[in-house]
Amino acid sequence: MKERSNLRIALLTLLLMMAMEYADAQPREPRVRQNVPTDSIRMSDPAVLADKKTGMYYMTGTGGMMWRSKDLNLWEGPFRVTKFDKHSWMGPHPMIWAAEPYVIDGIYYLFATFTNRDVKIDNVRGNVIERRACQVLKADNPMGPYKAFGDSTYLPANRPTLDGTYWRDTDGKPYMVFCGEWLQNWNGTIEKIELKPDLSGTVGEPKVLFRASDSPWSRERVHDEHGKTKITWNKVTDGPWLFRTGTGRLGMLWTSWVFDIYTQGVAYSESGTLDGPWIQEPEPITPPNFGHSMLFQRFDGQWMMSVHSHMKDSWGRTVRRPHFFEVDLSGDKLIIKK
């Protein structure tokens, strides 16, 4: 009788552990809403895929959730579109930053930053650095599920990297352009690394394109060892995005700060390639408190800039919402129309 009771307890314990493991592996699905206006969505780093095959716009960003729309005004979502292997470096439920959807040669990809908070890789000036890196996921359709498909890692494991984006340069090769996080290097970088032809991994070593200290417009107050304050460039590099103007000029949008104002600038490559040298425009390109942008074409051909606003609500909390500007790329420089 006692042995039967012990067996029952052991069986119930096993079932409970299996249920807990299943619950841990199955995050709660979000409630999908209909006809949500753009300014009612809270999202950082919004990136839009205008998919001609389905005739829909797909928007994702930090958090990795997907929204879809027929007109860029009213949206359906959010949808969970990523799936992870708990045995990978990312773990089963990584933080997702700056997810960018692409369709390349008919295949859907998601370039994104993933953070495994359970893994610590460094400690710099009192900042504990968590395992954070850019990776590429793949899917059969724009709604996913997007899954890792190639090399287990794309970038060095001992460095925090973020905001990876895609570019095919004049040599015909695909590249990932990304940020080296300032929390570790104390002078944020924007770098490139070659991708394999099928985007399943990287080739060679990263190369620095420019540093946060190259910015002529960012600002930060720092204190020296004597407690004196001076104003210098901001350490942050954020959200690179590559584009070409109508004249073929290669440009890069990127974001930093002017004191406590989220601010976006632009640089242009003198060589017309990723290798630069990159010449920074002296003034920001977007209004204050807008940044981390990308560009896409509406189905009518109009070029659009997708950014997030970075505003304070009445309670002093930061609120980030997607916002779209029309842009003109016909000349030698990118111009924001409205």
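Keep in mind that the numbers below use all heavy atoms, side chains included, and drop hydrogens, waters and symmetry copies. Computed from a predicted structure; not experimentally measured. Along the sequence shown, residues are numbered consecutively beginning with 1.
Under the 6.0 Å cut-off for aromatic ring centres, Tyr175 and Tyr166 do not qualify, their centroids lying 6.0 Å or more apart. Between Tyr262 and His292, the distance separating the two ring centers is not shorter than 6.0 angstrom. Aromatic ring centres of Tyr268 and Trp278: separated by at least 6.0 Å. For an aromatic pair to be called close, the ring centres must be under 6.0 Å apart, and Trp233 with Trp182 fails this.
Contact record, Gln264 with Ser293: OE1-OG, 2.7 Å, taken as the closest heavy-atom pair. The shortest non-hydrogen separation linking Met43 to Thr62 is CG-O, 4.4 Å. The two atoms that bring Ile41 and Pro322 nearest to each other are O-CD, 3.1 Å, heavy atoms only. When all heavy atoms are compared, the tightest approach of Val177 to Leu209 is CG1-CD1, 4.4 Å. In plain terms, the two heavy atoms of Trp217 and Thr263 that are nearest each other are CH2-O, 3.6 Å. Residues Phe178 and Met176 approach most closely at CD2-O, 3.9 Å, considering heavy atoms.
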message: With side chain to side chain contact (heavy atoms under 4.5 Å, CB included) as the criterion, how do Lys138 and Leu199 come out once you've worked through the C-alpha distance, each side chain's angles and the decisive distance to 0.1 Å?
response: CA-CA 9 Å; Lys138 185 170 72 170; Leu199 312 189; over 6 Å; no

task: Carefully, step by step, assess Arg168 and Lys173 under the rule side chain to side chain contact (heavy atoms under 4.5 Å, CB included).
output: CA-CA 6 Å; Arg168 188 175 293 275; Lys173 296 178 181 178; 5.8 Å; no

field: From CA spacing to verdict: side chain to side chain donor-acceptor pair (under 3.5 Å), Glu100, Thr165
entry: CA-CA 7 Å; Glu100 295 181 357; Thr165 192; 2.8 Å; yes

field: Full working for side chain to side chain contact (heavy atoms under 4.5 Å, CB included) between Lys337 and Val327
entry: CA-CA 5 Å; Lys337 296 169 64 176; Val327 299; 5.7 Å; no

field: Chi angles and distances behind the ring pair (Phe, Tyr, Trp, His ring centres under 6.0 Å) call for His308, Phe290
entry: CA-CA 6 Å; His308 73 253; Phe290 288 95; 8.9 Å; no

field: Stepwise salt bridge (Lys or Arg N to Asp or Glu O under 4.0 Å) test for Arg131 and Asp118
entry: CA-CA 8 Å; Arg131 179 75 169 95; Asp118 293 329; over 6 Å; no

query: Can you list the steps and then say if Phe114 with Cys134 is a side chain to side chain contact (heavy atoms under 4.5 Å, CB included)?
result: CA-CA 6 Å; Phe114 304 98; Cys134 308; over 6 Å; no

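Grouping the Ile, Leu, Val, Met, Phe, Trp and Tyr side chains by contacts below 4.5 angstrom, directly or via other members, places Phe296 with Met59. Put simply, Val236 and Val222 are part of two different groups of oily side chains (I, L, V, M, F, W, Y) that touch within less than 4.5 Å, one to the next. Tyr102 and Leu137 fall into different hydrophobic clusters, where Ile, Leu, Val, Met, Phe, Trp and Tyr are joined by side-chain heavy atoms under 4.5 Å apart, directly or via other members. At a threshold of 4.5 Å between side-chain heavy atoms, the hydrophobic network of Ile, Leu, Val, Met, Phe, Trp and Tyr places Phe325 and Ile335 in two separate groups.
For the residue pair Thr273/Asp169, the side-chain donor-acceptor check at 3.5 Å is not satisfied. Using modelled atom types, one finds a donor on one side chain and an acceptor on the other under 3.5 Å when comparing Tyr108 with Asp51. A donor-acceptor contact closer than 3.5 angstrom is absent between the side chains of Glu194 and Thr202. For the residue pair Asp332/Thr247, the side-chain donor-acceptor check at 3.5 Å is satisfied. One side chain, Thr318 or Lys312, offers a donor N or O that lies under 3.5 Å from an acceptor on the other. Judged purely by distance below 3.5 Å, without hydrogens or angles, the side chains of Trp254 and Gln280 pair a donor atom with an acceptor atom. At a cut-off of 3.5 Å, with distance as the only test, no side-chain donor of Trp67 or Thr60 sits close to an acceptor on the other residue.
The closest donor-acceptor contact from the side chain of Lys83 to the backbone of Arg80 lies at 3.5 Å or more, if one exists at all. Judged by distance alone, the side chain of Ser88 and the main-chain N or O of Asp85 form a donor-acceptor pair under 3.5 Å. Side chain of Gln135 to backbone of Asp151: a donor-acceptor contact under 3.5 angstrom is found.
In this structure, CH2 in Trp167 is found 5.5 Å from CG in Leu242, a value given to the nearest 0.5 Å. Atom CG of Leu334 is separated from atom CG of Leu329 by 5.0 Å, given to the nearest 0.5 angstrom.
Taking a cutoff of 4.0 Å between a charged side-chain nitrogen and a carboxylate oxygen, Asp328 and Lys333 do not qualify as a salt bridge. A salt bridge links Arg298 to Asp300: one of the charged nitrogens lies within less than 4.0 Å of a carboxylate oxygen. A salt bridge does not link Glu191 with Lys207: every distance from a Lys NZ or Arg NE/NH1/NH2 to an Asp or Glu carboxylate oxygen is 4.0 Å or more. The residues Asp45 and Arg320 are annotated as not salt-bridged, no charged nitrogen and carboxylate oxygen being separated by less than 4.0 angstrom. Ion pairing between Glu181 and Arg132 holds under the 4.0 Å rule for side-chain N and carboxylate O. A salt bridge links Asp313 with Arg317; the closest basic N to acidic carboxylate O contact falls under 4.0 Å.
The aromatic rings of Tyr109 and Phe149 are tilted relative to each other, their planes meeting at an angle between 30° and 60°.
Residue-environment remark: CG (Asp140) stays at or below the threshold of 12 foreign heavy atoms within 6.0 Å.
Side-chain contact between Arg42 and Arg321 is present, with at least one heavy-atom pair separated by less than 4.5 Å.
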